[in-house]
**Q** 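Input: one structure, supplied below.
Just so you know, ligand 1 is whichever comes first in the structure, and atom 1 is the first atom listed for that ligand. Atom set for the values below is all heavy atoms of this structure, side chains included, hydrogens, waters and symmetry mates excluded.
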Amino acid sequence: MYFLFAALVGLILGSFYSVCASRYGTGNTIFRPSRSYCPQCDHQLTMWENIPLLSFLLQKGRCSHCSSRIPFFYPLSELTSMLWAVLAAAHTADPLEWGVLMVIGGICIVASAIDLRTFILPDYLTYTGAVIVLGASYAGLLDVTFIDALLGAGIGTFSLWAIAAIYKAIRKIDGLGLGDVKFMLMLGALVGWHQLSIFILVASVCALVFCIATLRGKAGMSTIYIPFGPFLAAGSLITYLYGTNIIAFLR
Ligand SMILES: [Zn+2]
C-alpha cells in the first residue's frame with residue numbers, strides 16, 4: 001500500500017515536473033496558462049490527454065490534434081519520478097526522509113529535463129538544491145552527516161571545476177558547463193565526500209552507456225554535445241540509495 005501510494009505521488013509529481021521543465025525559458029510560468037497544451041498547435045489537453053504516462057502510451061507519443069511528437073522528456077520525467085518515489089520508499093520507512101528525498105529528486109528531475117531540452121542548468125534550482133541538502137543533513141534528516149555533506153559539496157565541486165578547467169586548457173573548448181559544476185554543490189553534498197568516487201564512477205558509467213546506446217554509427221564523439229547534468233543527477237541519486245551496496249559489490 002505504501003509503495004502504491006509512493007508510485008502514485010511520484011507519477012503525479014513527475015507530470016508536474018515535465019510542465020515545469022517544458023515551460024522554462026518560454027515566457028510561460030507554471031501557473032499560466034493553467035491548462036496544459038500542445039506546444040506545436042496550442043491544442044488544449046483534455047482530462048484524458050493529461051493522465052501521466054498512460055496518455056502518452058495511448059496516443060503513441062503523438063498529439064491527438066496535430067500528430068506532432070510529444071517530447072520524450074515528458075514520459076521520461078513521469079517514469080523517473082515514479083521510480084524514484086518507489087525506490088526512496090524502499091530505502092527508508094521514515095516519512096520525513098522520504099519527503100526530503102522527494103524534494104531532492106524533484107529538483108534533480110526538473111534540472112535534468114531542462115538541461116536535456118536547453119543545455120542550461122538554472123542557478124535557482126542548483127543553488128536551492130544545495131541549500132536543501134545541506135539543511136536536511138544538518139537537521140539529521142538524511143543518511144549523510146552535515147560535515148560529510150559540506151566536504152562532499154566542496155571537494156566535488158572543486159574537482160569538477162578543475163577537470164573542466166584542465167579540459168578547456170588542453171582542448172580549447174568547454175567540455176563541462178559551469179552549470180554542471182554548480183550542480184555538484186547539491187549532488188556532492190547528497191552523497192558526502194566518502195562516496196564521491198563511487199558517485200563519479202556511477203555517473204560516468206550512466207553517460208557511457210547512454211553514448212554507446214544512442215550515438216552508435218553517428219559522427220565522431222567529440223563533435224556531439226550531450227548534457228552531463230542528467231547523468232550527474234542519476235549518479236548522485238543512485239549512490240545515495242545504493243552506494244554501500246556498490247562498494248561491497250566492487251570489493
Ligand atoms: Zn498538437
Side-chain angles (χ1 to χ4, degrees), residues 4-86 102-126 128-129 177 179-180 183 206-207 209-219 223-234 237:
L4 198 69
F5 168 76
L8 207 64
V9 171
L11 204 55
I12 293 165
L13 285 175
S15 180
F16 170 68
Y17 299 154
S18 57
V19 170
C20 296
S22 68
R23 294 185 180 184
Y24 174 78
T26 61
N28 289 328
T29 68
I30 299 165
F31 307 105
R32 184 185 60 85
S34 57
R35 293 275 298 274
S36 292
Y37 61 95
C38 166
Q40 293 298 328
C41 67
D42 287 338
H43 163 65
Q44 280 209 345
L45 302 191
T46 64
M47 199 179 82
W48 296 108
E49 291 166 329
N50 226 344
I51 307 167
L53 276 185
L54 206 63
S55 299
F56 183 85
L57 294 174
L58 289 175
Q59 292 167 227
K60 299 191 175 70
R62 288 178 185 281
C63 168
S64 67
H65 196 247
C66 70
S67 325
S68 65
R69 277 192 184 282
I70 301 170
F72 75 99
F73 72 82
Y74 281 89
L76 195 65
S77 298
E78 289 159 3
L79 198 64
T80 313
S81 173
M82 183 174 76
L83 195 66
W84 173 248
V86 173
M102 290 306 290
V103 173
I104 293 168
I107 291 175
C108 284
I109 292 168
V110 174
S112 297
I114 291 176
D115 198 17
L116 279 172
R117 196 170 73 79
T118 64
F119 295 101
I120 291 170
L121 285 163
D123 281 351
Y124 63 81
L125 284 178
T126 52
T128 307
D180 295 320
F183 206 12
C206 291
V209 168
F210 174 83
C211 286
I212 293 169
T214 58
L215 304 180
R216 254 185 321 178
K218 293 191 185 164
T223 59
I224 291 166
Y225 190 59
I226 57 162
F228 201 50
F231 304 110
L232 285 177
L237 295 178

**Q** Could you tell me whether F31 atom CZ has more than 12 heavy atoms of other residues or ligands within 6.0 Å of it?
**A**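 Count not over threshold, so no.
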**Q** Run the ring pair (Phe, Tyr, Trp, His ring centres under 6.0 Å) test on F210 and F231 for me, step by step, so that the C-alpha distance in whole Å, both residues' side-chain angles and the decisive distance to 0.1 Å come before the verdict.
**A** CA-CA 9 Å; F210 174 83; F231 304 110; 5.2 Å; yes
**Q** At distances under 2.8 Å, what protein N, O or S atoms surround the Zn ion (ligand 1)?
**A**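 Short answer, with waters excluded from the count: C38 SG, C41 SG, C63 SG, C66 SG.
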**Q** Just to verify, what does P52 make a side-chain contact (heavy atoms from CB on, under 4.5 Å) with, not counting sequence neighbours?
**A**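 Here the qualifying residues are L11, S15, E78.
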**Q** Classify the ring geometry between H65 and H43 as parallel (under 30°), tilted (30 to 60°) or perpendicular (over 60°).
**A**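 Rings of H65 and H43: parallel, under 30°.
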**Q** Look only at the side chain of S81 and the backbone of G10, and say whether a donor-acceptor pair between them is shorter than 3.5 Å.
**A**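 Yes, because the side chain of S81 sits within donor-acceptor range (under 3.5 Å) of the backbone of G10.
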**Q** Determine whether more than 12 heavy atoms belonging to other residues, nucleotides or ligands lie under 6.0 Å from atom CZ of R35.
**A**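 Yes, because the 6.0 Å sphere around CZ of R35 holds more than 12 heavy atoms from other groups.
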